[in-house]
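See below for the structure under consideration.
One-based numbering along the sequence shown. Just so it is clear, the structure is predicted and the values come from calculations on it, not from any experiment.
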Amino acid sequence: MTGPRCRRIVTRLIVASGTAAAVWPVAALPYALAAQTPEQRYTDWARPDFRPQEYEYRRGRILDGLRATGGGLLLTPSSDGTTHGGTFRQLEDFWYLTGLEVPSSMLVLDADQGLSILFMPPRDPRFDNPGRPNDFPGRPLLEDYQLRSIAGIDRYRDIAELDAFVRDRLAEGSALRVNAGAAGPIPELVVPLIGTLDATDALIHRLQTDYPGAEIRNAFETVARLRMIKTPAEILRMRAAADATMAGIRAAAGRIRAGVDERTLQGEFERTCRTFGSQSIPFTPIVKSGPNSLWPWRILAAHYDRRNRGLRDGDLVILDVGCEVNGYVSDIGRTFPVDGTFTDVQREKLTVSTSAAEAIIAAVRPGVTLRELTAVAYAAIPDHEEPFMQTPSFFGHHIGLSAGDPALLDEPLAPGMIFTIEPWYYNHEIGVSVFVEEVVLVTEGGVEVLTSALPREPEELERMVR
């Protein structure tokens, strides 16, 4: 027996013993005798972000794509739920196809039988701790029928049954499918001597180890074709993320002046994003000034305290930043003069970036490919400046659930696609680095710049600082 009634009975028994030394105040009762808090249910706190019909549509489209490319079983893992203090964020494909924040689970889309099957643990391990039952109330998963009712999956099974299920289906001739994160054949993976495998690589390695000889195919292109096109509900969330990011950049620009350090600008940006409803920052904000602006973030992040330079007059400061709102992200960039005025050279080089961006934006329309946009970009860049541009790609990337959403460079653009345009310019010879990054939405008639409210012209950027 647990709960308040048990506590009252135990207290009466102690008092009835007549031994004062044995009388415990209720507050000092042994922990195991304290009232047990009621179990928490998934639906007490969480609901999918979209209507069940949207997730059903997504799963159906993936099943269609799998059948068109040979069928098989697509295995999509959830996060293991482990956290070191950060807020849980589900793995993208699992979240995209289920809307559920359950841990240690596997969604199987069975194209051969036209079914979705969710393998889950019976209970959420994060909510159980035998040593602290009052603080860890427990949470059922597999037998939570409210959870099942909002998920809309065809079938539910214990995660412990996954291995037998896969072996049975392999014996029937089914292939295994995994989204490997990039196009091409599934690689042969080994556990590195130093470092770890990410969730996708760990799954591939485990499948190769547990089922030697099984056919494992890459489902990246099937998943990418669907995730590249955002639904109206997704677009609304991405507009909100863009608005929050633009507000954060404006706030940070207002703090730019000599003597302020890069981390202060980062803090101002993040604070403003939070006030606009951002639950998370999707990547560490890239704020770099003066000589720091000439180096990619991987170089700057290689040292513990390298990303906190103090701003000086005459410097340029670059913000390459994003916010996440309701799971969807933005990624926007601008270049500012610390003293409020670009030099003639700085202005000239910034125009190289903005002119390239404007040429690419003007060419965006349904039917064009990202590779074709690359040619447009290089046509707009003076020949003598091309060696200083950052990349031979189309100067951008798809965004959505992450700042690196899956994309196919040769897939014709279609309404609903959202990606960035960011012509970076790094000139170490003269010590100038500049860039502008816009977020664009492909529409039926061409393109909409979701970040058009944030100026990109040099004079407007100067005014934002002043």
Side-chain angles (χ1 to χ4, degrees), residues 40-63 74 76-81 83 86-107 109 116-118 120 124 126-127 139 141 144-154 156 179 199 223-245 247 273-283 322-331 398-406 415-419 439 441 450:
Q40 292 192 4
R41 297 300 177 115
Y42 183 89
T43 53
D44 291 344
W45 295 97
R47 291 285 195 285
D49 286 336
F50 302 103
R51 297 182 303 165
Q53 294 88 337
E54 180 140 351
Y55 296 105
E56 184 178 355
Y57 167 79
R58 295 172 183 179
R59 293 191 295 268
R61 288 289 307 277
I62 294 294
L63 285 169
L74 174 61
T76 302
S78 79
S79 168
D80 64 5
T83 177
T87 298
F88 175 74
R89 192 181 194 275
Q90 186 58 276
L91 296 185
E92 292 166 22
D93 281 355
F94 190 94
W95 206 0
Y96 181 76
L97 293 171
T98 69
L100 299 177
E101 296 182 278
V102 295
S104 304
S105 302
M106 184 77 72
L107 175 70
L109 295 184
S116 58
I117 309 168
L118 181 55
M120 285 192 297
D124 191 328
R126 300 170 298 182
F127 283 68
R139 181 160 79 169
L141 292 178
D144 184 344
Y145 289 93
Q146 287 182 319
L147 171 57
R148 293 189 184 191
S149 70
I150 66 171
I153 307 293
D154 294 323
Y156 302 85
N179 177 7
V223 174
R225 284 193 176 90
L226 183 59
R227 283 188 54 186
M228 285 169 69
I229 299 177
K230 305 301 187 286
T231 65
E234 289 180 290
I235 293 169
L236 284 175
R237 284 160 173 74
M238 297 196 68
R239 290 185 188 278
D243 289 345
T245 304
C273 285
R274 302 287 187 181
T275 65
F276 275 74
S278 174
Q279 297 95 334
S280 181
I281 304 299
F283 55 90
C323 290
E324 178 180 317
V325 178
N326 296 331
Y328 286 79
V329 311
S330 190
D331 185 2
H398 274 252
I399 60 174
L401 285 172
S402 76
D405 256 25
M417 290 186 178
I418 298 180
F419 53 90
V439 177
L441 164 67
L450 300 184

Taking Ser149 for the side chain and Leu147 for the main chain, is one N or O donor matched with an acceptor at less than 3.5 Å?
-> no
Output the distance between atom OG1 (Thr245) and atom CD (Glu324), rounded to the nearest 0.5 Å.
-> 10.5 Å
Please check if atom OH in Tyr57 has more than 12 non-hydrogen atoms from other residues, nucleotides or ligands closer than 6.0 Å.
-> no
Yes or no on side chain to side chain contact (heavy atoms under 4.5 Å, CB included) for Ser105 and Phe94, after CA distance, side-chain angles and deciding distance?
-> CA-CA 9 Å; Ser105 302; Phe94 190 94; 4.1 Å; yes
Is a side-chain N or O of Tyr42 found less than 3.5 angstrom from the main chain of Glu101, in a donor-acceptor match?
-> yes
Side-chain contact test, heavy atoms from C-beta onward, threshold under 4.5 Å: evaluate it for Pro48 versus Tyr55 and give yes or no.
-> yes
Just by distance, do the side chain of Ser116 and the backbone of Leu109 share a donor-acceptor pair under 3.5 Å?
-> no
Nearest 0.5 Å, what's the OH-CZ distance between Tyr328 and Arg239?
-> 14.5 Å
Looking only at heavy atoms, what is the nearest atom pair of Ser330 and Phe283, with distance?
-> O-CE2, 4.1 Å
Once you round to the nearest 0.5 Å, how far does OG of Ser78 lie from CG of Asp93?
-> 12.0 Å
For the residue pair Leu91 and Pro77, what are the closest heavy atoms and their distance?
-> CD1-O, 3.6 Å
Close side-chain approach of Leu100 and Leu107, heavy atoms under 4.5 Å = no
What pair of heavy atoms forms the shortest contact from Met238 to Ile418, and how long is it?
-> SD-CD1, 3.5 Å
Can you list the steps and then say if Arg227 with His398 is a side chain to side chain contact (heavy atoms under 4.5 Å, CB included)?
-> CA-CA 10 Å; Arg227 283 188 54 186; His398 274 252; over 6 Å; no
Rounded distance [0.5 Å steps], CG in Asp144 versus CZ in Arg139 = 8.5 Å
Is there a donor-acceptor pair closer than 3.5 Å between any side-chain N or O of Tyr156 and the backbone N or O of Arg148?
-> yes
Does any N or O in the side chain of Lys230 come within less than 3.5 Å of the main-chain N or O of Leu236, such that one atom is a donor and the other an acceptor?
-> no
Please step through side chain to side chain contact (heavy atoms under 4.5 Å, CB included) for the pair Arg274 and Ile281, ending with a clear verdict.
-> CA-CA 9 Å; Arg274 302 287 187 181; Ile281 304 299; 4.1 Å; yes
Taking all atoms of both residues into account, what is the closest heavy-atom pair of Asn179 and Leu74, and its distance?
-> N-CD1, 4.1 Å
Using the salt bridge (Lys or Arg N to Asp or Glu O under 4.0 Å) rule, collect all pairs that involve residues 43-57, keeping only residues at least two apart or in two chains.
-> Glu54-Arg58
To the nearest 0.5 angstrom, please state how far the CG atom of Leu97 sits from the OG1 atom of Thr76.
-> 5.5 Å
Intermediate values then yes/no, side chain to side chain contact (heavy atoms under 4.5 Å, CB included), Leu226 and Tyr96 = CA-CA 10 Å; Leu226 183 59; Tyr96 181 76; 3.3 Å; yes
Is the side chain of Gln279 donor-acceptor paired with the backbone N or O of Asn326 at a distance under 3.5 Å, no angle test?
-> yes
Measure across Ile229 and Glu234 and return the closest heavy-atom pair with its distance rounded to 0.1 Å.
-> O-OE1, 4.0 Å
Asp80 side, atom CG; Phe88 side, atom CZ - distance, nearest 0.5 Å = 8.0 Å
Provide the closest heavy-atom pair for Gly327 versus Arg89 in the form atom of the first, atom of the second, distance.
-> O-NH2, 3.0 Å
